[in-house]
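Here is the structure we will look at, set down as structure tokens.
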Number of protein chains: 2
Amino acid sequence: MTPKISEAEKEQRRSQIIGAAMEVCKRRGYEAVTMKDIVEETGMSRGWVYLYFSSKEEIFRAWMEENDKRILAQLEQILQEAPSIWMAIEHMFQTQAQAMEEPDDRLGRAIYEYFLGGLDHAERKEYLAQRYVRMQEATEALFEKGKRTGEFSPEVDALSTAKVMLIFFDGLALHIQGVGPALVQPRRQLEMFQESMRLLLGVASYRKGE
Amino acid sequence: MTPKISEAEKEQRRSQIIGAAMEVCKRRGYEAVTMKDIVEETGMSRGWVYLYFSSKEEIFRAWMEENDKRILAQLEQILQEAPSIWMAIEHMFQTQAQAMEEPDDRLGRAIYEYFLGGLDHAERKEYLAQRYVRMQEATEALFEKGKRTGEFSPEVDALSTAKVMLIFFDGLALHIQGVGPALVQPRRQLEMFQESMRLLLGVASYRKGE
């Protein structure tokens, strides 16, 4: 019989399993990892782990969802509270630059392997598509707000600008996974891209009018 | 005894093997494909195939190198012959948009899987790093030329602009592999990115002075 444990303990175990899975994924990506590897990393019994998750896919998605929730909450906070959308975006770029200079951030590889496998898994593809739309809508909302407040040019295509920004972030992370931050120099490329966005959004000219 | 065949026949067989491998990779990516799958696809005997290539990695790299040679030759031709670098870049964007709208272009997945695996294979990582440098130098040369001829602003950071463009292309291709062209709308995003590059390079203002 399974011993009774509290909700808080359940939540803690769930987090432990997700954390252990991510440690394995950092070392070996997504495809090569098995449930057996994850069970070993947790130090729990196989039975315990399967009580919470029935597959690697489920654990990985649980992690993705927690991570996305955090990102979406940040974007929502910017939308509601930031005195300037553009300054919040500049801050986001700086945070990204810092994270990308860390040479041991290897989770990107697992994320992109999972992403690339979407075409072979109908359910995963559906999930990725929903996630994609959520993320781009949250980003689009920032640009829309900046248009309304006059921070950005009214002609800006907010959805396309959001898509272009997300494409750039993923492309940059992909290059870093492939050849490393020393060769890519993420900070410099983020600065350059930020400058191109500033021009596209018409930030400077609108600020001049202040 | 192996029958004697001409150099032309050898080259043809080599191409056939590479072509067959790419067909398999289109269907199943890079990681999941084995030499056995490739041999089956060629319709040749195992011995014949191994006479030309000793591993999947070798075949894939041979394809990458042929492909890169074609791209580098195109960039070189633009550099030497194009009356306007910017117009040649616009043309490149249009070609990209067309290719990316093809829903059955699935080779991107195999390429990015290969790319992501670089971290675990020292030799592959070295090759990818060299490839990366070659590709960005060839792109940088275009922007440098545009600066010299006055087509672009003299303040442009040619290397960073080249990197940003390559990052964007790969990010876009990655998104298409993940969620499909219908959701990504590559043509629209390429247009938007092209506009941001135009502003960054100062193309319009320099044209105005013509």
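In the text below, chain A, chain B and the rest are named by the order of the sequence lines, each starting its count at 1.
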- Honestly, the part of A:E31 sitting under 4.5 Å from a heavy atom of chain B is neither
- When rounded to the nearest 0.5 Å, the distance separating CZ of A:R198 from CG of B:L200 is 9.5 Å
- Item | Approximate separation, where rounding is to 0.5 Å, of A:M165 CE and B:M192 CE | 12.5 Å
- Query: Looking at B:Y114, B:F169, B:Y132, which has the largest count of heavy-atom pairs under 4.5 Å with chain A?
  - Reply: B:Y132
- Using a 4.5 Å cut-off on heavy atoms from C-beta on, say whether the side chain of B:F193 contacts that of A:I167. no
- Count the heavy-atom pairs under 4.5 Å between each of B:A129, B:G117, B:A32, B:G29 and chain A, then report the option with the highest count. B:A129
- Item | Whether over 12 other heavy atoms sit under 6.0 Å from B:E66 CD | yes
- Query: Side chain, backbone, both or neither: which part of B:F115 has a heavy atom under 4.5 Å from chain A?
  - Reply: both
- Item | Structural part of A:V133 lying under 4.5 Å from a heavy atom of chain B | side chain
- Task: Sort B:L166 into side chain, backbone, both or neither according to what part of it lies under 4.5 angstrom from a heavy atom of chain A.
- Result: both
- Item | Rounded distance (nearest 0.5 Å) linking atom CG of B:L116 with atom CG of A:L174 | 5.5 Å
- Query: Side chains of A:K163 and B:H175: does their closest heavy-atom pair fall under 4.5 Å?
  - Reply: no
- Could you check which of A:L190, A:L159, A:V184 has the highest count of heavy-atom pairs closer than 4.5 Å to chain B? A:V184
- Non-hydrogen atoms of B:L128 and A:G178 that approach each other most closely: CD1-O, 4.4 Å
- Message: Could you check whether atom CZ of A:R134 has more than 12 heavy atoms from other residues, nucleotides or ligands sitting under 6.0 Å from it?
- Response: yes
- Of A:R188, A:Q189, A:E191, A:E195, which is the lone residue that meets side-chain contact (heavy atoms from CB on, under 4.5 Å) with B:V164? A:Q189
